[in-house]
Amino acid sequence: MPELVTPTARLHRSWLEAHAEWNPGARQAGAGIGLAEQDAFAIPEVFAAWVRRLREQADPTRPLGDGRVHATHWWIVEDEAYVGAIDLRHRLNDFLLRAAGHVGYSIRPSARRRGLATWALGAVLPEARALGLDRVLVTCDEDNIASARAIERNGGVLEDTRDTEIGRKRRYWIAL
């Protein structure tokens, strides 16, 4: 049974195994990779520092860098193995409104086609409601049919498809 857990250095080895499944340079939505100060995740201290930054991003009292918004990160874990990530951005800035939305998620390639994205998105929606949001924007690549289905299964209503700085995106709103 999958569960959402706060990022933890305890899953370092499992996270590295999952990370190795992705093509070099692939975008892992919702994983917070961009918060890492360096791409040296194999070094335990670097990994632990990155995990701390992921956890700190949820704290509304902590100042963030330009263009950043507070977000809560979770890892999708099954039998003590990292299988994916999902994050909930607490508000939208211009970029998020155009392209990335409130929620980002990714599932490691070997764990796909099992409904994990649908499950994780559904598990995060009550958290969005608890933050006071009445609807969330969730986007996916135009050609990512599996992600579009996960969003639609959670009540997503397609607003539009548009070109963005991170590619052509389907933009869905989910009422809470």
Side-chain angles (χ1 to χ4, degrees), residues 4-9 15 18-19 22-43 45-76 82 84-108 117 120-121 123-144 147-148 150-151 154 156-176:
L4 295 182
V5 301
T6 302
T8 175
W15 188 92
H19 188 62
W22 293 82
N23 293 328
R27 187 169 172 276
Q28 295 179 45
I33 302 278
L35 295 173
E37 290 184 5
Q38 54 183 315
D39 188 12
F41 294 109
I43 301 169
E45 297 79 15
V46 171
F47 186 81
W50 172 63
V51 165
R52 271 191 306 280
R53 276 190 295 285
L54 291 176
R55 295 169 73 113
E56 290 169 353
Q57 198 180 21
D59 182 351
T61 67
R62 295 186 71 88
L64 300 176
D66 288 344
R68 296 271 180 204
V69 301
H70 288 97
T72 304
H73 296 268
W74 295 275
W75 287 352
I76 306 162
Y82 173 96
I86 188 165
D87 70 351
L88 171 63
R89 294 127 192 169
H90 299 183
R91 67 176 183 83
L92 296 176
N93 60 21
D94 289 339
F95 166 74
L96 295 173
L97 180 60
R98 279 191 315 276
H102 285 98
V103 179
Y105 54 84
S106 57
I107 304 298
R108 71 187 286 179
L121 179 56
V124 166
L125 294 177
E127 302 291 337
R129 192 176 305 109
L131 284 174
L133 300 174
D134 58 356
R135 65 183 188 149
V136 294
L137 177 64
V138 187
T139 72
C140 66
D141 290 344
E142 180 181 40
D143 62 354
N144 189 339
S147 188
I151 298 165
N154 278 287
V157 176
L158 182 66
E159 178 177 74
D160 63 17
T161 301
R162 64 173 70 168
D163 292 317
T164 74
E165 53 268 57
I166 57 173
R168 190 147 175 85
K169 298 291 180 181
R170 293 176 187 233
R171 297 174 65 255
Y172 291 88
W173 288 98
I174 300 175
L176 304 174

### Query
So do the side chains of His102 and Leu92 get within less than 4.5 Å of each other, counting heavy atoms only?
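His102 vs Leu92: side chains touch.
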
Locate the shortest heavy-atom distance separating [X] from [Y]; write the atom from each residue and the value.
X	Y	result
Val51	Pro7	CG1-O, 3.4 Å
Trp74	Thr6	CD1-N, 4.5 Å
His90	Leu88	CD2-O, 3.3 Å
Tyr82	Ala85	OH-CB, 3.4 Å
Asn144	Cys140	O-SG, 4.1 Å

Could you give the distance from [atom1] ([X]) to [atom2] ([Y]), rounded to the nearest 0.5 Å?
X	Y	atom1	atom2	result
Arg91	Leu96	CZ	CG	8.5 Å
Trp173	Glu159	CH2	CD	6.5 Å
Tyr172	Leu121	OH	CG	11.5 Å
Leu133	Glu127	CG	CD	11.5 Å
Lys169	Leu137	NZ	CG	11.0 Å

### Query
Salt-bridged, Asp141 to Arg168, with N to O below 4.0 Å?
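A salt bridge is absent here (no side-chain N lies under 4.0 Å from a carboxylate O).
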
### Task
Report, as yes or no, whether the 6.0 Å neighbourhood of atom CG on Asp94 holds more than 12 heavy atoms from other residues, nucleotides or ligands.
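No - once you tally the heavy atoms of other residues, nucleotides and ligands closer than 6.0 Å, there are 12 at most.
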
### Query
Aromatic rings Phe41 and Trp15: how do their planes relate, parallel, tilted or perpendicular, breaks at 30° and 60°?
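Judged by the thresholds at 30° and 60°, the geometry between Phe41 and Trp15 is tilted.
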
### Task
Report the C-alpha separation of Tyr105 and Ile151 in whole Å, then their side-chain angles, then the decisive distance to 0.1 Å, and conclude whether the side chain to side chain contact (heavy atoms under 4.5 Å, CB included) test is met.
CA-CA 11 Å; Tyr105 54 84; Ile151 298 165; 3.4 Å; yes

### Message
Run the side chain to side chain contact (heavy atoms under 4.5 Å, CB included) test on Ile174 and Val157 for me, step by step, so that the C-alpha distance in whole Å, both residues' side-chain angles and the decisive distance to 0.1 Å come before the verdict.
### Response
CA-CA 6 Å; Ile174 300 175; Val157 176; over 6 Å; no

Do the side chain of [X] and the main chain of [Y] share a donor and acceptor less than 3.5 angstrom apart?
X	Y	result
Arg129	Leu176	yes
Arg171	Leu97	yes
Arg170	Leu158	no

### Task
Given side chain to side chain contact (heavy atoms under 4.5 Å, CB included), test Ile76 with Ile107 step by step and report yes or no.
CA-CA 8 Å; Ile76 306 162; Ile107 304 298; 3.6 Å; yes

#### Entry: Stepwise side chain to side chain contact (heavy atoms under 4.5 Å, CB included) check, Thr139 with Thr164
CA-CA 11 Å; Thr139 72; Thr164 74; over 6 Å; no

### Test side-chain hydrogen bond (donor to acceptor under 3.5 Å, both in side chains) applied to Gln57 and His73, His70, Arg52, Arg89, the passing residue
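Going through the options one by one, the only one that passes is His73.
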
